[in-house]
Colleague: 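Below is one structure. I have some questions about it.
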Amino acid sequence: MTDAQASPGQPKTAIVTGGARGIGAAIARRLSADGLQVAVLDLDEAGAKATAAGIVESGGQAIGVAADVSDEDAVRAAVAQVATELGPPLVVVNNAGVTRDNLIFKMGATDWDTVMNVHLRGAFLVTKAAQSYMVDAKWGRIVNISSTSALGNRGQVNYSAAKAGLQGFTKTLAIELGKYGVTANSVAPGFIDTEMTRATAARLGLDPEEHMKNAAARTPVGRVGRPEDIANAVAFFVDERSGFVSGQVIYAAGGPRA
Ligand code: NAP
């Protein structure tokens, strides 16, 4: 079956986790602009609903759904709700994320577990719940948000392990699900101006604007990233015409590394 046969003009449904703000909200808005219906899934129910409301105001179709991606029952219920209210989720963007930075000698096991649970267990649970709809439809798109930290980053042994893990997860999904018309790819952002990076600045005792300026200075394109930069890379993988691209990682970082 070709991509065209799999999409007889019906808008497809996407789930974007962590879509209440930052990169996830930009991805949700971009996928809506590209013609998808979007379920914005987040711990922060008010934020998820606000992102969805903004999309609806702009003429799109979206719902906000509250769920902790690391909670198996909550994920199962949320994905079923999306299927009932919007239609089978054929696109999943695993974007929800947290940081709990510290040098390894100071890092507690709870901070290790929290990061693994949100990024890895979360991506596993959401993908597992949605993939059966994709397999039934013989079409699907999975995009996992990794990070340049997958290549190693001081103070982020938990986060970099999780983000590298997501790349392995992506490649294996591509191998297992390819025969069902499902692609799996990963976008690995560099430094993006969001609450996550502003919170990092605050934790390091740095002025956020100074922190951004420093990051821009070490980035080849001379600026930090915007959430829309990442949404654009995600949109490429989700595109109907990207069906022959699978198991890949795009570093969207303003250079080979940022
Ligand atoms: P952000 O502004 O902190 O947004 C993350 C969103 O994820 C928040 O709305 C948060 O909700 C939600 N979330 C956290 N834990 C969750 C859970 N268990 N279940 C459901 N939702 C949850 O972060 P961001 O900068 O947009 O980052 C988005 C993704 O890009 C993350 O995976 C991050 O690791 C990755 N990334 C970011 C950068 C960067 O420079 N910003 C670089 C590389 C990769 P709450 O507010 O309720 O916690």
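Numbering of residues begins at 1 and proceeds along the displayed sequence. When a ligand or atom number is given, it counts from 1 through the structure's own listing order. In this text, all values refer to a predicted model and were calculated from it rather than measured experimentally.
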Colleague: Who's the nearest protein heavy-atom neighbour of atom 22 (C) of ligand 1, and how far?
Modeller: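 Protein heavy atom with the smallest distance to atom 22 (C) of ligand 1: Ala96 CB, 3.7 Å.
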Colleague: Going by heavy atoms, is Ala188 under 4.0 Å from ligand 1?
Modeller: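 Judged by the 4.0 Å heavy-atom criterion, Ala188 does not count as contacting ligand 1.
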Colleague: Quick check on the hydrophobic clustering: are Leu43 and Val115 connected, directly or via other members, by side-chain heavy-atom contacts under 4.5 Å?
Modeller: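 Each belongs to a different hydrophobic cluster.
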Colleague: Side chain or backbone of Ala199 under 4.0 Å from ligand 1, or both, or neither, by non-hydrogen atoms?
Modeller: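 It is neither part, as no heavy atom is under 4.0 Å.
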Colleague: Using a heavy-atom cut-off of under 4.0 Å, does the side chain or the backbone of Ile192 touch ligand 1, or both, or neither?
Modeller: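 Both backbone and side chain.
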Colleague: Please verify whether a non-hydrogen atom of Thr17 lies at under 4.0 Å from ligand 1.
Modeller: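 It does not; every heavy atom stays at 4.0 Å or beyond.
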Colleague: Number the atoms of ligand 1 from 1 as they appear, then name those within less than 4.0 Å of a heavy atom of Gly22, with their elements.
Modeller: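 So the atoms of ligand 1 that pass are 26 (O).
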Colleague: Do any N/O atoms on Thr194 end up under 3.5 angstrom from N/O atoms on ligand 1?
Modeller: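 Yes, at least one N or O pair falls under 3.5 Å.
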Colleague: Should Gln167 and Lys163 count as side-chain neighbours, where that means a heavy-atom distance under 4.5 Å?
Modeller: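 A side-chain contact under 4.5 Å is absent here.
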Colleague: Are Pro88 and Asp136 close enough that some pair of their side-chain heavy atoms sits under 4.5 Å apart?
Modeller: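 In short, these two side chains do not touch, never coming nearer than 4.5 Å.
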Colleague: Please answer: with hydrophobic residues joined when any side-chain heavy atoms are less than 4.5 Å apart, are Ile15 and Val56 in the same cluster?
Modeller: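 Shared cluster, no.
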Colleague: For Gly18, counting its heavy atoms only, list the atoms of ligand 1 lying under 4.0 Å from any of them.
Modeller: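 Once the distances to Gly18 are compared, the set is 6 (C), 7 (O), 12 (C).
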Colleague: What's the shortest distance from atom 45 (P) of ligand 1 to any protein heavy atom, and which residue and atom give it?
Modeller: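 For atom 45 (P) of ligand 1, the nearest protein heavy atom comes out as Asp42 OD1, 4.0 Å.
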Colleague: Does any part of the side chain of Ile142, heavy atoms only, come nearer than 4.5 Å to the side chain of Asn94, both counted from C-beta?
Modeller: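 Asn94 vs Ile142: side chains touch.
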Colleague: Check whether any heavy atom of Ser149 sits under 4.0 Å from an atom of ligand 1.
Modeller: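 No, that is not the case, since the closest heavy atom of the residue is not under 4.0 Å from the ligand.
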Colleague: With a cut-off of 4.0 Å, which atoms of ligand 1 are near a heavy atom of Thr197?
Modeller: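 Once the distances to Thr197 are compared, the set is 39 (C), 40 (O), 41 (N).
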Colleague: Where's the contact between Pro227 and ligand 1, heavy-atom distance under 4.0 Å: side chain, backbone, both or neither?
Modeller: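 Looking at Pro227 and ligand 1, no heavy atom falls under 4.0 Å.
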Colleague: Quick one, Val79 and Tyr133 - any side-chain contact, counting heavy atoms below 4.5 Å?
Modeller: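 Val79 reaches Tyr133 side chain to side chain.
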Colleague: Can you tell me which residue and heavy atom of the protein come closest to atom 48 (O) of ligand 1, and the distance to 0.1 Å?
Modeller: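 Here the closest protein heavy atom is Leu43 CD1, 4.1 Å.
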Colleague: Students should be able to answer this: which protein heavy-atom is nearest to atom 19 (N) of ligand 1, and at what distance?
Modeller: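 Checked against all protein heavy atoms, atom 19 (N) of ligand 1 sits closest to Val69 N, 3.0 Å.
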Colleague: With heavy atoms of Ala20 as the reference, note each atom of ligand 1 found under 4.0 Å away.
Modeller: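 The atoms of ligand 1 under 4.0 Å from a heavy atom of Ala20 are 9 (O).
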Colleague: Counting only heavy atoms from other residues, nucleotides and ligands, does the tally under 6.0 Å from CD1 of Ile104 exceed 12?
Modeller: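 Not more than 12 within 6.0 Å, no.
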Colleague: So if you build clusters from Ile, Leu, Val, Met, Phe, Trp, Tyr with side-chain heavy-atom gaps below 4.5 Å, do Ile192 and Leu151 land together?
Modeller: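 Ile192 and Leu151: separate clusters.
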Colleague: Less than 4.5 Å apart, side chain to side chain, heavy atoms only: is that true for Ile27 and Asn95?
Modeller: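 Ile27 reaches Asn95 side chain to side chain.
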Colleague: Looking only at distances, please establish whether an N/O atom of ligand 1 is found under 3.5 Å from an N/O atom of Arg21.
Modeller: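 In this structure, Arg21 places an N or O atom under 3.5 Å from an N or O of ligand 1.
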Colleague: Does an N or O from Pro189, backbone or side chain, lie closer than 3.5 Å to an N or O of ligand 1?
Modeller: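 For ligand 1, there is no N or O atom that lies under 3.5 Å from one belonging to Pro189.
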Colleague: Going by the atom numbers of ligand 1, which of them fall below 4.0 Å from some non-hydrogen atom of Phe191?
Modeller: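 Matching atoms, with element in brackets: 40 (O).
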Colleague: List the closest protein heavy-atom neighbour of atom 5 (C) of ligand 1: residue, atom name, distance to the nearest 0.1 Å.
Modeller: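 For atom 5 (C) of ligand 1, the nearest protein heavy atom comes out as Gly97 O, 3.8 Å.
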Colleague: Can you check whether Gln131 reaches Leu177 side chain to side chain, under 4.5 Å on heavy atoms?
Modeller: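 Yes - at least one pair of side-chain heavy atoms lies under 4.5 Å apart.
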Colleague: Show me which atoms of ligand 1 lie under 4.0 Å from any heavy atom of Asp68.
Modeller: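 Every atom of ligand 1 under 4.0 Å from some heavy atom of Asp68: 17 (C), 18 (N), 19 (N).
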Colleague: Do the side chains of Val245 and Phe169 join up, straight or via other hydrophobic residues, at under 4.5 Å, putting them in one cluster?
Modeller: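 In one cluster with Val245: Phe169, yes.
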Colleague: When clusters are formed by joining ILVMFWY residues with side-chain heavy atoms under 4.5 Å apart, either directly or through shared neighbours, do Phe191 and Tyr251 land in the same one?
Modeller: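 Shared cluster, no.
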Colleague: Look at atom 36 (N) of ligand 1 and say which protein heavy atom is nearest, naming residue and atom and giving the distance to 0.1 Å.
Modeller: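 So the nearest neighbour among protein heavy atoms is Tyr159 OH, 3.4 Å.
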Colleague: On a heavy-atom basis, I'd like to know which of Ser147, Ala253, Gly190 is closest to atom 38 (C) of ligand 1.
Modeller: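 Nearest option to atom 38 (C) of ligand 1, by heavy atoms: Gly190.
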Colleague: Side-chain contact, heavy-atom cut-off 4.5 Å: Val16 with Val38?
Modeller: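 Val16 vs Val38: side chains touch.
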Colleague: Quick one: which of Arg198, Arg226, Arg223 gives a salt bridge (charged side-chain N to carboxylate O under 4.0 Å, His left out) with Asp193?
Modeller: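 Only one of Arg198, Arg226, Arg223 forms a salt bridge (charged side-chain N to carboxylate O under 4.0 Å, His left out) with Asp193, namely Arg198.
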Colleague: Atoms of ligand 1 less than 4.0 Å from His119 heavy atoms?
Modeller: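 Answer for ligand 1: 32 (O), 34 (O).
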Colleague: Identify which one of Leu41, Ile55, Leu86, Thr13 satisfies the side chain to side chain contact (heavy atoms under 4.5 Å, CB included) criterion when paired with Ile63.
Modeller: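 In the set Leu41, Ile55, Leu86, Thr13, the residue that makes a side chain to side chain contact (heavy atoms under 4.5 Å, CB included) with Ile63 is Leu86.
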Colleague: Among all protein heavy atoms, pick the one closest to atom 26 (O) of ligand 1 and tell me residue, atom and distance.
Modeller: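 Ranking protein heavy atoms by distance from atom 26 (O) of ligand 1, first comes Ile23 N, 2.8 Å.
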Colleague: Distance under 4.0 Å to a non-hydrogen atom of Val98: what atoms of ligand 1 satisfy this?
Modeller: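 In order of number, 14 (C), 15 (N).
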Colleague: Could you check Asn232 against Arg30 for side-chain hydrogen bond (donor to acceptor under 3.5 Å, both in side chains), going step by step and ending with a plain yes or no?
Modeller: CA-CA 7 Å; Asn232 195 48; Arg30 172 59 190 265; 2.7 Å; yes
Colleague: Evaluate Ser70 for polar contact with ligand 1, using N/O atom pairs at a separation under 3.5 Å.
Modeller: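 Min N/O separation from ligand 1 is not below 3.5 Å for Ser70.
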Colleague: Backbone, side chain, both or neither: what part of Asn95 comes under 4.0 angstrom of ligand 1, heavy atoms only?
Modeller: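 For Asn95, backbone and side-chain atoms both sit under 4.0 Å from ligand 1.
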